[in-house]
Amino acid sequence: MREHNEDEYLFGWNPTPGIVSVWAQRDGRAVIWRRDGERILCTRDSYRPWMLATTLDDLKHLGSMLQPFAPDTMHASVTYKELDGPGRSYRYVLFSRNMRVLESTVLTGASRRLGQRITAMNDLDTYYSVGPVEQYLMQTGQVYFRDMSYENLHRMQFDLETTALDPHRGRIFLIAVRDNRGLATTLEAPGPEDEKRMIQELCALILKHDPDVIENHNLFGFDLPFLEHRALAAGVTLEIGRAGSPRRTLDSYQETLAIGPEARKRTRYSLAGRELIDTLDAVRRHDFVVRDIPSYGLKDVARYFGIASSHRTYIEGSDIFETYRRDPARVRRYALDDVTEVDGLSRRLLGAPFALASMAPRRYERLASAGPAMGILEPILVRSYLHAGAALPYQAAQQSAEGGLHEGGMVQLLASGVAEHVAKADVASLYPSLMRTFQIGPSCDRLGVLLYILGRLTDLRLQHKEAARAAQPGSIEANHHAATQAAMKILINAAYGYMGAGSMALFADGRAAGEVTRRGRAILQQVLDALQQRGMALIEADTDGVYFAVPPDWTEQQERMLIAEIGAELPAGIRLEYEGRYRAMLSHEVKNYALLSYDGRLIVHGVALRSSRSEPFGERFLRKALRNTMLGNIVDVRAGYLDTVEALRKRKLPASDLATQVRLTKKPETYHAARQTHQEPAYEALIKAGRTHWHPGERVRFYRSTKGYVWLPDETEEAPVSDDWRARANGERPATTPDVSIRYADVANRRDYDVEYYVRLLTTSYAARLRKAFAPADFEQLFRPDTQLSLFDLDTPIEHIQPRWIRYQQALEAAREDS
DNA sequence: TGAAAGCGGGG
DNA sequence: GTGTACGCTTTCA
């Protein structure tokens, strides 16, 4: 590894500052927008479209039109450079004036060589290519945001308020818009006839303020598709791209997912000159590491991060339009509070992707949502190899022969039941530490770039962590260092996963990945043994961490000392950390448990303890019962169960408490065709309510009454909007039967539900999740819906029932000796 | 028992 | 078409 360009592997080499967006086309043209204070400079550039190849065989038919690359080879249609590397590798970089030309040339040659028509580059594993922007950035060594701070970036948030969730059934009536330069306003459409004007105003506002970034929570899943649908219905073109780009409209394309009709349509969006950021992606990525965000909803997440204002306005989703008609000012406040929270989330979570964009050769918006291994680390590795003039490894064949499968991390349930005084220890960055300590990298990485990068990132990250601590809290400098260390952590954690990735990854090495997990299991086993020798009650071990119960009288200090003592026995470079302590833990199955913190918070992990149907009454019962079980208040568990049964039998609960929600996948025709043999509650509920028409994808909330299923529409009475343009465009006949319009409020309070069905559901679906906490006979007795306390003489009095305790062994023995 | 489909989140 | 989200679950054959 040469000294002088080491960090070029990590950060690129071209110093161009302030790039906020890049748009490159397959014909070699690129547009770059740079920010200089409040000014935007738009420049045009060109690059040489390229791809990597293992062979030149497919280009033989070009004859003299194929030439080795030289600055003045003007007449060749394809040129190539040879890279250093073994025979079987991506040794050639092919260049052409246009990617289209390059691809069709290769496809022609490959078809000839293989004796069959090849139409897609994807069918050839002897070539490797990346998207136009990636090509441009890798070739020039440029990256986004050089010398910029996150505060420099001009970010705009907009949020739609609509009359229904489905754009087939509702419309936009309000749009809140703000930016980090002081803009905060709403655009409104009180009646359906105002919607077109409002969408045009939104476009004008975006062009006028000209942000670098457009952000919202669930932007790709809701706002953009809804906006696109309504703009099409209103006949408005969404021209919101940046001046200087060859295309100004919002671009959307369906990712062709072969199965299903419209139901599983995944749409991607892109816009020239502006980056589209969905804070929902950022939340997901954050939780991928911390794994304790209970809900990804905007309001919940804002509270979780402590950025929700105490004065913020909350309105239930289905009430928003109703509220708007009565009290529009309240909805304006609500919508502006939403975009303010999105800005807060962005500041809290997007610093890391921002920092990543100043390292990896990809668009900021892609780095914000890309998988860290294939999406971020690999482009860095590819750029490094190309910059070093080295061939990339080709290993698709041997990879599949070796079968990338290897054993994973250690996952063990060591006890189930309820434990008190629980501590958690885990090994800090277990896999990357093992890779670094034992120098385990992919064997095909001849330059050792992955291990080099890993080591460099680890060192730099410590420096940035330290600098973040030293800087004034909340200052631009502190934020910069905090975000950079977070970005580096993402890359560090991706290193192992990348080696273990299947044959898709250029530098995958299943054997090396297996070596890492093998050593990881050994380390964790060593920790488990050490804890056990000291009498701790082991509960659950998962990859790099362990939960265990300590003696009841231990302080946090004693727990920390124990972990420090055990950590000192581990190999150098491997650090055991104290992760936290809990008042109690209910251990159900591997990766499925509940924790009760010392400050009274209930944390539920794993879906075995959650419900996917999640009728509100059942969820409430379960949370209370979990808490009481962990506190040992078994009498209260029984009481909570009986209260719920009574509330059901006396019909004290509104129907909305018993409702569940399902997404439709079948069109009306499809459902009707199969209805005789197979009925499904959600569709039956709609039909019973008089609905004849629906679109796959619609969410239906319903409950079970004594006379069938009842639809609870989460809509206001203005819905549905006319949607006939689409039927006409598709050459269909517009729906002839007018849709019914029922209001949620009219039915949500009904009490005609099927009591015995819900009593059964309470027992078999919710109480059942506490089964592991009790002995079988005790469980049966606790959750028997009759109110007679004892049917059998064998019954234990409720007040004597105990959970199945998991206890510190030596403490138990000591207690026995005392008595 | 294994593969395929569903789900989150948004008004 | 400006690259394969994601990591689980439930359901179905």
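The basis for the numbers below is simple: all heavy atoms, side chains too, and nothing from hydrogens, waters or symmetry mates. Computed from a predicted structure; not experimentally measured. The sequence lines fix the lettering, A, B, ..., with proteins before strands; numbering per chain opens at 1.
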Just call it for A:Leu160: base, sugar-phosphate, or nothing, with non-hydrogen atoms closer than 4.0 Å on any strand. sugar-phosphate
Contact under 4.0 Å: A:Arg26 side-chain N or O vs C:dG1 OP1/OP2: no
I need the CD1-P distance between A:Ile490 and C:dC6, as an integer number of Å. 12 Å
Sugar-phosphate only, base, or nothing, as touched by A:Arg284 at under 4.0 Å among non-hydrogen atoms: base
For the C1' atoms, the ones on C:dA5 and on B:dG8, what distance do you get once it is rounded to whole angstrom? 12 Å
Would you classify A:Asp159 as touching base, sugar-phosphate or nothing, given that sugar-phosphate means primed atoms plus P, OP1 and OP2, and contacts are heavy atoms under 4.0 Å? sugar-phosphate
If I take atom OH in residue A:Tyr296 and atom P in nucleotide C:dC6, what distance separates them, rounded to the nearest angstrom? 13 Å
Once you apply a heavy-atom cut-off of 4.0 Å, does A:Gln135 come out as touching a base, just sugar-phosphate, or nothing? nothing
Closest to side chain of A:Arg362, choosing from B:dG10, C:dC6, C:dG3: C:dG3
Give the rounded distance in Å between these two atoms: OH of A:Tyr269 and C1' of C:dA5. 16 Å
Does A:Arg312 make a cation-pi contact with A:Tyr314, if we ask for NZ or CZ under 6.0 Å from the ring centre and within 45° of the axis? yes
Using whole Å, what does the distance between atom C1' of nucleotide B:dG10 and atom CD of A:Gln157 come to? 17 Å
Taking only the side-chain heavy atoms of A:Glu134 (C-beta and beyond), determine which of B:dG10, C:dC6, C:dG3 contains the nearest atom. C:dG3
Can you classify the ring geometry of A:Tyr498 versus A:Phe507 as parallel (below 30°), tilted (30 to 60°) or perpendicular (above 60°)? tilted
With a non-hydrogen cut-off below 4.0 angstrom, is A:Ile172 in contact with a base, only sugar-phosphate, or nothing? nothing
Separation of atom CD in A:Glu103 from atom C1' in C:dG3, rounded to whole Å: 12 Å
How would you label the contact of A:Asp338 with the nucleic acid (heavy atoms, under 4.0 Å): base, sugar-phosphate, or nothing? sugar-phosphate
Using 30° and 60° as the class limits, which term best fits the ring planes of A:Tyr90 and A:Tyr128: parallel, tilted or perpendicular? tilted
Whole-Å gap separating C1' (B:dG8) and CZ (A:Phe220): 16 Å
Using the six-membered ring of A:Trp711, assess whether NZ or CZ of A:Arg701 lies under 6.0 Å from its centre and within 45 degrees of the ring axis. no
Does the plane of the ring in A:Phe321 sit parallel, tilted or perpendicular to the ring in A:Phe173? Use 30° and 60° as the thresholds. tilted
For A:His286 and C:dC6, give me the distance from atom NE2 to atom P, rounded to whole Å. 17 Å
Distance check needed: C:dA5 P versus A:Ile277 CD1, whole Å only. 17 Å
